[in-house]
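Just so you know, these numbers use all the heavy atoms, side chains as well, and skip hydrogens, waters and symmetry mates. Nothing here was measured: the structure is a model prediction, and the numbers come from that model. Within every chain, numbering begins at 1; the chains are lettered A, B, ... in the order of the sequence lines, protein sequences first and strands thereafter.
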Amino acid sequence: MSRPQEQAARPVVDLAARRRQQARRRQVSVQLLRLAVAVIVLGGWELGARSGVIDKFFWSQPSDIATTLWHWVKDGTDLGPLWDQVLTTLEETVGGFVVGSILGVVLGVILGRNRLLSDVMGPYIKAANAIPRVVVGALFAISLGLDIRSKIATAAVLVFFVVFFNAFQGVREVDRNLVANARILGADGRRLTTEVIIPSALSWIIASLHTSFGLALVGAVVGELFGATAGVGELIYSAKNNFDAAGVFAGMALLAAMALVAEALITALEDRLIRWRPPVATETRI
Amino acid sequence: MTPAIELRGVTKRFLTPSGGVYTALRDLHMTVDPGEFCAVVGPTGCGKSTTLGLISGLEPPSEGEVEVLGKPVNGIADGIGYVFQSDAVFPWKTVLENVAAGPRYRGASNRDARERARDWISRVGLSGFEDRYPYQLSGGMRKRVALAQSLINGPRILLMDEPFSALDVQTRSLMENELLGLWSASSASVVFITHDLEEAISLGDRVFVMTAGPGTMKSNYKIDLPRPRNVAEIRFQPHFAEIYEEIWKDLRDEVLVSYERQKRGAA
């Protein structure tokens, strides 16, 4: 009698162990393949540039870009220490991101809650949204000057519309049953907003924060291109003026690194704020 | 004796998105005594849920009068509990926070609300699940949360809109028995909407039959089965079958009318 049980028990253990091993192996091969992609792209670029297939003057080459970056780190840039440039752009970006997000959420919730207001304002907001908004950077450079304020304003405008539309939609999509339930349980208008409408809209709002941090970075850099004395955008701008392609690429690499770090921070924030959601399958995340 | 709920000549019309007028309820009369458990059956689309909307004060009637506990309904009245058909527990609140919501909204301190919530969570058999989020619970457990969330406010009137229709048969009769237990310990009047005549008879003191839409009350039956009842077994009593047959004759015609209409609508 005991034999068949043993036989039944062992394959289950083996199966679980094998699954774990498979998962580990897959993880390793994904990492190796990622590395391979980087080696092929960067290596091909380097080889192409050295053999003359790619024009070094316009497209630079990875080793030059790395050298430029190292030079910036070690000796500082033409504009001053590298850290100051990164910090300047980061301040502008975060400032614009915070201002734009707060305005977007507040106005999105107000207009989402008030149908008359949203009907009146609707066409104007759509029109404003249709303008290529980076041009407001020019306006802010004139009106606010070349200091940090004009960059924060530009970034905030870009962020605002994305967050606003998501907050607005999130408020509109609130489950009517949940609203009815809260009212029956005794919630007044303020409680309804803070305990039902905003939490419900939060998953929409947070989803928009991923996109909008990238846009805040765009706003800050564009603002710097319109005129600045420091920042990664200004670094790129002056490299462009010197026909220094490696400098432009090095600036891009810095921006990419900043965006990736910010993305990780926002994902961590998301996980904290919407713990109540069923976890998503890990494969869908990149 | 003032009735707990009284609807007199109530009509409810809605504007359809295409600009037409849809009559959901027509000249409806209904009286529920204090402490009475009323079940309402009727074919699909006869306005059962609309009736609850009117009693709760979520929606005003187009014509007629709605009185709850002797007072005309004007907005959401105190002393009402409402268990919705779909999940209406807040997905971003834990079980404890969900159950504590009512007292907090009604001005209780956070500590007091949590203490009372713990008590109600154990009464509906969810002790140990206080810190779970609704997505981590089964359908039956979420219904228990919804029940505790409503009952913690000590409602004198409990409105239930097909609360157990999404549950499997076994869970459902367990929940029905628990509901009867909780109700008998309170003095609340219940209006319980269902499309299931068996459920209506096994739970109710009285069963209302509604006509196909626009809905109105066709008839009502006093159910003289003894209490306490065991929902899982009461249907085997010969008297249950007699009552069922009598009401079904009434309900069948309405179900057929509604079915024919749906077929024509679909064609």
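Residues A/Asn177 and B/Ser86 come closest through the heavy atom pair ND2-OG, 2.6 Å. In this structure, A/Leu185 and B/Arg106 approach most closely via the heavy-atom pair O-NE, 3.0 Å. Here the shortest heavy-atom pairing between B/Leu58 and A/Ala180 reads CD1-CB, 3.8 Å.
Only the side chain of A/Arg191 has a heavy atom closer than 4.5 Å to any heavy atom of chain B. If you measure heavy-atom distances from A/Val179 to chain B, you find no contacts under 4.5 Å at all. In this structure, chain A has no heavy atom under 4.5 Å from any part of B/Val83. For A/Ser203, no part sits under 4.5 Å from any heavy atom of chain B, backbone or side chain.
Taken from CZ in B/Phe84 to CG in A/Asp175, the straight-line distance is 9.5 Å, to the nearest 0.5 Å. Expressed to the nearest 0.5 Å, how far CD1 of A/Ile184 lies from CD1 of B/Ile80 amounts to 6.5 Å.
In this structure, the side chain of A/Arg275 does not engage the main chain of B/Tyr133 through any donor-acceptor pair within 3.5 Å. Between the B/Trp92 side chain and the A/Glu195 main chain, a donor and an acceptor come within less than 3.5 Å of each other.
Atom CZ of B/Arg142 has more than 12 neighbouring heavy atoms from other residues, nucleotides or ligands inside a 6.0 Å radius. Counting non-hydrogen atoms of neighbouring residues, nucleotides and ligands closer than 6.0 angstrom, the CG atom of B/Asn74 reaches no more than 12 such neighbours. Heavy-atom neighbours of B/Asp112 CG from other residues, nucleotides or ligands within 6.0 Å: above the threshold of 12.
Counting heavy-atom pairs under 4.5 Å between each of B/Arg104, B/Lys93, B/Gln85 and chain A puts B/Arg104 at the top. Note on B/Asp78, B/Ile76, B/Ile152: by heavy-atom pairs under 4.5 Å with chain A, the leading option is B/Ile76.
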